[in-house]
Number of protein chains: 2
Amino acid sequence: MIDADGGASALLRGLGLCKGLDEAGLAAMAAAAQPRRLAAGDFLLYQDQPAERFYVVTRGRLRLSQVTAEGHQVIMGFVGPGGAVGIIAVLGGIDFPVSAEAVEEAELLGWEGAAVAQLMLQHPRLAVNGMAVVAGRFRHVMDQLRELSTERVERRIARALLRLANQAGRRTEQGILIDMPLSRQDLAEMTGTTLFTVSRTMKAWEGRGIVRSGRMEVCICQPHALAVIAEDLATSEPTTSTPDAHDPDVPRG
Amino acid sequence: MIDADGGASALLRGLGLCKGLDEAGLAAMAAAAQPRRLAAGDFLLYQDQPAERFYVVTRGRLRLSQVTAEGHQVIMGFVGPGGAVGIIAVLGGIDFPVSAEAVEEAELLGWEGAAVAQLMLQHPRLAVNGMAVVAGRFRHVMDQLRELSTERVERRIARALLRLANQAGRRTEQGILIDMPLSRQDLAEMTGTTLFTVSRTMKAWEGRGIVRSGRMEVCICQPHALAVIAEDLATSEPTTSTPDAHDPDVPRG
DNA sequence: CGTATTTTTGAAGCGATTCAATGGACGTGG
DNA sequence: CCACGTCCATTGAATCGCTTCAAAAATACG
């Protein structure tokens, strides 16, 4: 039920889920798609709800988060244009594991789980792609798990920023601007720490010229320096033994 | 290629992947299965290898772990009889995200990814089940991620032990014995802490009669007390509201 | 302008790590 | 059998990374 079927097909063609799908399949998917619009702050779906529809973002950005019994919030990630929300829960037959909230105005396409399951029988390519999408996501979550159990806070924050830069980065003269509202609290909930620690860490980076940050916004001036912190480059030669001698003489990037 | 096709079918019937599959499907799966045997300490597969086969454990137990660039090991979980290894990577078309090592002598059935993908086209139920398996695993990893970012070490260890009791617990007079070799180091790598902290924590529990532990073995004497530590019961009035129903379920013998 | 939200900063303290050293359990071979 | 080496577990002491709480400063908004 989309106004311009041709437009929708073109849009779908770019999705991981529809990759390599033939014309008939694309048309069927487009016909089954239900458009949806969200204002900033709106919730698309809530954790522990039965999963009946999944969505693909066509504009804007959503935040996926869990809330613990004690009220702590944990951010599992963000989804932007081209990304899918709820697909694992729908296809896997489980409740949504997270809540999804629009951090800015957003537009989406939704599909009934049952309808897509039906389509998958007729277009096996859809099922195969669905698996690939899920597997990629799975790998990502595992990486985060490993990070969280083995790495220090500073490095986790660095990694989170680099991931965000990849997903939502926009080139500016200053550097890579993360193109969405992002608070210290958000970063803390992404990395399993407190907003205070995030603030201190980023202030220190700002002093070294690595980032520039303001209220709800972050710009990465020296991505390479951040990468050095995130990966374990640079622990090679101990020229000076002073603890705060993190030399900024990194290879240029 | 299994000696007793009837036996294999019966075995497959118990798998999540084959749930609700018709006779023809079961037979086809049984025909495509390749048996495999491992001695304790053998590796079934290594992380970052291309995933060509996946496996189902029929006897014994495997440890799934990742190693970081710095050499830290992280245990992503254990798989026992009925559990699948590598299925996400194979179906999703990614490299194995973990290594799998037998912690005791084990027997498995293996399938070529390409063959199963073919079977999934003829028996859509297989594809649906595959999704369900992956989704369940996904949820599990997300839970661990949330735990790790919000909860203190003692609680994480308690949870890990309860999970292990569910997967590999055996009733004894003393309590629920975790029926596989398990070191302090293992528990530390499951919970993102050090073996020292695990040792101290468990010693304290032992003093309270909650667990009994020895070299490479743990027995949970008071599962409910562990559950109280794991969940946040107990910080309120110990009146009628204590959910006895929340008692950890007794594993299959 | 006042109010609300986000961010910064300081000081105190705890939880957990780190390192070193000891103690036990187990298997092996003399 | 005991002596031995190996692996695993315990324990203590020092320390640090990070949290916690309180309060102030900066920023946005009506």
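For clarity, every value in this text was computed on a predicted model and none was experimentally measured.
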Quiz item: Does the side chain of A/Gln167 come under 3.5 Å of the side chain of A/Arg61 through a donor N or O and an acceptor N or O?
Solution: no
Quiz item: Quick one: B/Glu154 CD to C/dA16 C1', roughly how many Å, whole number?
Solution: 13 Å
Quiz item: Looking only at N and O atoms, is any donor in the side chain of B/Arg200 or the base of D/dG12 less than 3.5 Å from an acceptor on the other one?
Solution: yes
Quiz prompt | Crowding at CZ, B/Arg208 (>12 non-hydrogen neighbours, <6.0 Å) | solution = no
Exercise. May I have the distance from B/Met216 (atom CE) to C/dC26 (atom C1'), rounded to whole angstrom?
Key: 12 Å
Quiz item: Is the phosphate of D/dT19, meaning OP1 or OP2, less than 4.0 Å from a side-chain N or O of A/Thr197?
Solution: yes
Please list, pair by pair, any protein nitrogen or oxygen found under 3.5 Å from a nitrogen or oxygen in nucleotides 22-30 of chain D.
residue : atom : partner  : partner atom : Å
D/dT27  : O2   : A/Arg215 : NH1          : 2.9

Quiz prompt | Euclidean distance, atom CZ of residue A/Arg156 to atom C1' of D/dC18 [Å, nearest integer] | solution = 10 Å
Quiz item: Just by modelled atom types, is the B/Tyr46 backbone N or O under 3.5 Å from a matching donor or acceptor in the B/Gln49 side chain?
Solution: yes
Exercise. Rounded off to whole Å, could you give me the CG-to-C1' distance for the B/Leu182 and D/dA9 pair?
Key: 13 Å
Quiz prompt | Distance-only polar pair, side chains of A/Ser213 and A/Glu206, donor-acceptor under 3.5 Å | solution = yes
Practice problem: Grab the CE-C1' distance between A/Met202 and C/dT8 for me, whole Å please. | Solution: 12 Å
Quiz item: Is the shortest distance from a Lys or Arg side-chain nitrogen in A/Arg159 or A/Asp143 to a carboxylate oxygen in the other one below 4.0 Å?
Solution: no
Quiz item: So which of residues 62-77 of chain B are in contact with DNA chain D, with a heavy-atom cut-off of under 4.0 Å?
Solution: none
Quiz item: Given atom CG of B/Leu195 and atom C1' of D/dT10, what is their separation to the nearest angstrom?
Solution: 10 Å
Quiz item: Do B/Glu151 and B/Arg146 meet the salt-bridge criterion of a basic N to acidic O distance under 4.0 Å?
Solution: no
Quiz item: Is any side-chain N or O of A/Ser199 closer than 4.0 Å to OP1 or OP2 of C/dT7?
Solution: no
Self-check item: DNA chain D-proximal residues of residues 184-193 of chain A, any heavy atom under 4.0 Å
Solution: A/Gly192, A/Thr193
Quiz item: Does a sphere of radius 6.0 Å around CZ in B/Arg155 hold more than 12 heavy atoms from other residues, nucleotides or ligands, not counting ones at 6.0 Å or beyond?
Solution: yes
Quiz item: Is B/Glu147 salt-bridged to B/Arg156, cutoff N-O under 4.0 Å?
Solution: no
Practice problem: Determine whether more than 12 heavy atoms belonging to other residues, nucleotides or ligands lie under 6.0 Å from atom CZ of B/Arg139. | Solution: yes
Exercise. May I have the distance from B/Lys203 (atom NZ) to C/dG23 (atom P), rounded to whole angstrom?
Key: 15 Å
